[in-house]
Amino acid sequence: MTALLLSLHVLAAIVAIGPITVAASMFPRYVRPPGEGVEGPPERDRQQAAALLHRICRGYTVLGVAVPVFGVATGARLGVLTDAWLLASIVLTVVAAALLTAVILPGQRSLLEPAAVPERATRGDIADGAGRDGAGRDVAGAGAGAGAGAAEDRRSAAARLAMTTGIFNLLWAAVVVLMIVRPGSTTGV
């Protein structure tokens with residue numbers, strides 16, 4: 001039974017956590033607006049890719065609950081629930097889960113929302129810096145300056161999300177090392 005629980009724990013970690021780490025790492029690239037004068041993929045394609053990556057993160061987060069469940073069951077069968085390496089792994093897992101659910105997923109969701117558009121301005125007007133509404137009238141606050149500020153805000157938010165995702169990935173890497181090395185264990189690994 002212990003071998004089965006351990007196998008399920010490892011499979012759940014590979015199948016659930018792996019896709020989250022990859023998709024979450026790729027997400028900021030697709031929501032970050034290209035820099036000045038830089039040609040990138042069309043906005044629609046970038047948004048569709050980002051939405052798909054967010055759905056992957058959300059979906060696999062639900063499946064990821066199986067990882068600690070099988071892990072604790074395996075630890076109980078092995079009689080190591082009070083070992084320092086397992087307790088450290090549990091703490092790191094809780095911190096990683098908190099980052100994912102409280103920062104990464106909400107950050108992705110907010111970056112998927114359409115950028116705030118000044119009243120009566122169209123996206124095309126802001127993108128081309130015209131600062132005019134559909135009837136050709138000037139719109140206060142629109143234009144190149146407003147579009148550039150919004151783009152810079154999105155780049156900054158995407159960079160913060162990328163940093164947080166990197167921390168999330170490092171936490172999982174530390175958990176993997178603790179699971180393999182198991183400091184203080186007598187297995188000789």
Val175 and Leu171: CA distance, side-chain angles, deciding distance, side-chain contact (heavy atoms from CB on, under 4.5 Å) verdict: CA-CA 6 Å; Val175 169; Leu171 288 168; 5.7 Å; no
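- Considering CD of Gln108 and CG of Leu53, their distance stands at 7.5 Å, rounded to 0.5 Å.
- If you take CH2 on Trp172 and CE on Met179, they are separated by 8.5 Å, rounding to the nearest 0.5 Å.
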Kindly determine whether Trp85 and Val80 satisfy side-chain contact (heavy atoms from CB on, under 4.5 Å), including the steps that lead there. CA-CA 9 Å; Trp85 65 270; Val80 295; 4.0 Å; yes
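- Between the side chain of Arg46 and the backbone N or O of Arg32 there is at least one donor-acceptor pair closer than 3.5 Å.
- Defined by atom type and a distance below 3.5 Å, a donor-acceptor pair is missing between the side-chain atoms of Thr164 and Arg160.
- Minimum interatomic distance between Leu112 and Ala51 (heavy atoms only, all atoms of both residues): CD2-N, 3.7 Å.
- Between Leu78 and Thr74 there is a side-chain heavy-atom pair separated by less than 4.5 Å.
- With sequence neighbours left out, the side-chain contact (heavy atoms from CB on, under 4.5 Å) criterion links Ala173 to no other residue.
- Between Leu87 and Val91, every side-chain heavy-atom pair lies at or beyond the 4.5 Å cut-off.
- Considering only heavy atoms from C-beta on, Ile104 stays 4.5 Å or farther from Phe27 through its side chain.
- Leu170 CG to Leu92 CG: the interatomic distance, rounded to the nearest 0.5 Å, is 11.0 Å.
- For the pair Pro28 and Ala158, the tightest heavy-atom approach, listed with the atom from each and the gap, is CB-O, 3.5 Å.
- At least one donor-acceptor pair under 3.5 Å links the side chain of Arg155 to the backbone N or O of Pro33.
- Applying side chain to side chain contact (heavy atoms under 4.5 Å, CB included) to Phe70 and the options Leu6, Leu4, Leu8 leaves one that passes, Leu8.
- With values rounded to the nearest 0.5 angstrom, Leu105 atom CG is found 6.0 Å from Cys57 atom SG.
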Set out, in order, the CA-CA distance, both residues' side-chain angles and the distance that settles side-chain contact (heavy atoms from CB on, under 4.5 Å) for Phe168 and Ile20, then state yes or no. CA-CA 10 Å; Phe168 170 80; Ile20 294 170; 3.8 Å; yes
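- Side-chain atoms of His9 come within 3.5 Å of backbone N or O of Val67 as a donor-acceptor pair.
- Here the straight-line distance linking atom CG of Leu52 with atom CD of Gln47 works out to 12.5 Å at 0.5 Å rounding.
- Residues Tyr30 and Ala49 approach most closely at CD2-CB, 3.6 Å, considering heavy atoms.
- Heavy atoms only, all atoms of each residue included: Leu178 and Ser89 are closest at CB-OG, 3.4 Å.
- Arg154 contributes a side-chain N or O that, together with a main-chain N or O of Leu111, makes up a donor-acceptor pair within less than 3.5 Å.
- Considering CG of Leu100 and OG1 of Thr61, their distance stands at 4.0 Å, rounded to 0.5 Å.
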